[in-house]
Each structure stands twice: as structure tokens, then as C-alpha cells.
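These notes concern the structure reproduced below.
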Amino acid sequence: MPAILLLNGPNLNLLGTREPATYGSTTLADVEVRSRATAERLGHTLEAFQSNHEGALIDAIHAAGKRFKAGELLGVVFNPGAYTHTSVALHDAIAGVAPLPVIEVHISNVHAREAFRHHSYVSPAAAGIVVGFGVAGYDLAIEGLVRKTAKA
Ligand code: DQA
């Protein structure tokens, strides 16, 4: 069974202590443990990577594209953090490795927050979007990815 890549962008390493009223008190390590359990329940392994650097995230998406082509990866669950709202390069990275399915996740409801969070460069290239369910959104995204890619 192909693996699922859980990719987290800038400042998500601070989950648990960062603005808990907005992002909750679950740490990234806890999110990774829960996501691994969800992926395994659905028959997949989980690989996790977090970076605060745009280029490292782009490299991870390129590598994921290659592994998808080789049949080793089912797709990516990706919280791009603030790069969501700024990064044409992340959009182009995802578009450049199509049809690798990337599910965009946001812990908070970005549409209920500041106007600068309302636009996503990533969304037009994403296969699906999960917004505003707290850290449970990662589990929902894994489930959505598995359903979306299920062979009929
Ligand atoms: C976020 C929302 C972004 O606007 C913010 O910059 C983040 C986290 C979320 O998960 O809600 O870093 O992606």
C-alpha cells in the first residue's frame, strides 16, 4: 500500500504552545501520532515532514511527485501555514507534479480571520481542502485523500 505524506509548513512546529486559543493545545508530535494511527487504520503508512523554509517544502513536493509516479505514495496532506497566503512557488510546485493529489488543511477557519488569510495560492492546485476543524482536520484530510483516490 502506498504511503501518505503529512507535510507541515512554517510555525507548525510550535503547535501546542502557539496561540492556543486559535490552534489548540495539541503538539505537532501528537498530530503526527494521531495521523499515523488514522492512516494505518485505513491501510497506509504515514511519513511526516515539517519545515519553516519554503524551498524545503517545494523540494518535498517535488520528491513526493516522483514517489507518486513510482506508485510509492498515495498523496500529500499539507498545511502550508502562512505560505498559503503568499507562495506562488508552492502553487507552482504542486501544479508542476500533477496529478499528485494534495489535500490542503487549515486548523483554524481562515475565512473567519483577517482578510489576508482569505486568499490561498495553494487551493487552485489542491485536490481538496479541509478548513476550521481544529487538528481533527488532519484526520479528515487523510480520510478524504484515501476516499478520493480509492479505485472504483
Ligand atoms: C494555518 C492558517 C494560516 O493562516 C496561518 O498562517 C498558519 C496556520 C491553520 O492551520 O489554520 O500558520 O494554516
Side-chain angles (χ1 to χ4, degrees), residues 3-42 44-65 68 73-149:
I4 293 170
L5 175 63
L6 176 65
L7 193 56
N8 275 288
N11 301 309
L12 290 158
N13 55 310
L14 299 180
L15 268 186
T17 56
R18 168 195 186 199
E19 301 179 72
T22 302
Y23 299 115
S25 55
T26 308
T27 64
L28 183 59
D30 291 339
V31 165
E32 291 176 358
V33 166
R34 282 172 47 159
S35 297
R36 182 159 291 115
T38 300
E40 286 176 358
R41 176 171 59 77
L42 298 169
H44 297 274
T45 56
L46 186 110
E47 299 168 12
F49 179 67
Q50 186 274 334
S51 178
N52 294 320
H53 304 277
E54 192 173 13
L57 296 166
I58 291 168
D59 289 344
I61 290 165
H62 292 175
F68 176 75
L73 199 75
L74 188 70
V76 181
V77 168
F78 185 24
N79 185 344
Y83 288 142
T84 307
H85 318 299
T86 63
S87 182
V88 176
L90 278 175
H91 168 279
D92 288 356
I94 297 167
V97 296
L100 168 74
V102 175
I103 310 294
E104 177 183 351
V105 176
H106 298 289
I107 296 164
S108 63
N109 178 359
V110 285
H111 299 289
R113 300 180 63 195
E114 303 96 321
F116 65 81
R117 297 186 203 274
H118 297 179
H119 178 261
S120 168
Y121 283 102
V122 172
S123 294
I129 307 165
V130 178
V131 172
F133 287 93
V135 293
Y138 289 102
D139 300 307
L140 298 172
I142 290 168
E143 188 135 4
L145 173 66
V146 171
R147 285 189 185 210
K148 210 174 167 69
T149 54

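Read the numbers this way: they start at 1 and go in the same order the structure lists the ligands and their atoms. The first residue in the sequence is number 1, and the count goes up from there. Basis for what follows: all heavy atoms, side chains included, without hydrogens, waters or symmetry-related copies.
Looking at heavy atoms from C-beta onward, I142 lies in side-chain contact with L46 at the 4.5 angstrom threshold. By the 4.5 Å heavy-atom criterion applied to side chains, V77 and S35 are not counted as neighbours. Residues E54 and I58 form a side-chain contact, since some pair of their non-hydrogen atoms from C-beta on lies under 4.5 Å apart. Under the 4.5 Å side-chain criterion, counting only non-hydrogen atoms from C-beta, L57 is in contact with L7. Side-chain contact between P80 and H106 is present, with at least one heavy-atom pair separated by less than 4.5 Å.
Of the protein's heavy atoms, R18 NH2, 3.0 Å lies nearest to atom 12 (O) of ligand 1. Scanning the protein for heavy atoms near atom 2 (C) of ligand 1, the closest one is V110 CG1, 3.6 Å. Among protein heavy atoms, atom 3 (C) of ligand 1 sits closest to H85 NE2, 3.5 Å. At the shortest separation from atom 11 (O) of ligand 1 among protein heavy atoms lies S108 OG, 2.6 Å.
Across every non-hydrogen atom of S87 and Y121, the tightest pair is O-CB, 3.5 Å.
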Requested in this report: Report the C-alpha separation of N8 and Y138 in whole Å, then their side-chain angles, then the decisive distance to 0.1 Å, and conclude whether the side chain to side chain donor-acceptor pair (under 3.5 Å) test is met.
Outcome: CA-CA 10 Å; N8 275 288; Y138 289 102; 2.6 Å; yes
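Checked against a 3.5 angstrom limit, the closest N/O atoms of A82 and ligand 1 fall inside it. When only interatomic distances are considered, the shortest N/O to N/O separation between T84 and ligand 1 does not fall below 3.5 Å.
At a heavy-atom cutoff of 4.0 Å, ligand 1 is contacted by both the backbone and the side chain of H106. At a 4.0 Å heavy-atom cut-off, ligand 1 touches I107 through backbone and side chain alike.
For the pair N11 and ligand 1, no heavy-atom separation below 4.0 Å is found. Contact between E114 and ligand 1 is absent, with no heavy atom of the residue lying under 4.0 Å from the ligand.
For ligand 1, the atoms closer than 4.0 angstrom to any heavy atom of Y23 are 5 (C), 7 (C), 8 (C), 9 (C), 11 (O).
Of the residues listed (I94, L74, L73), the one engaging L100 in a side chain to side chain contact (heavy atoms under 4.5 Å, CB included) is L73, and it is the only one.
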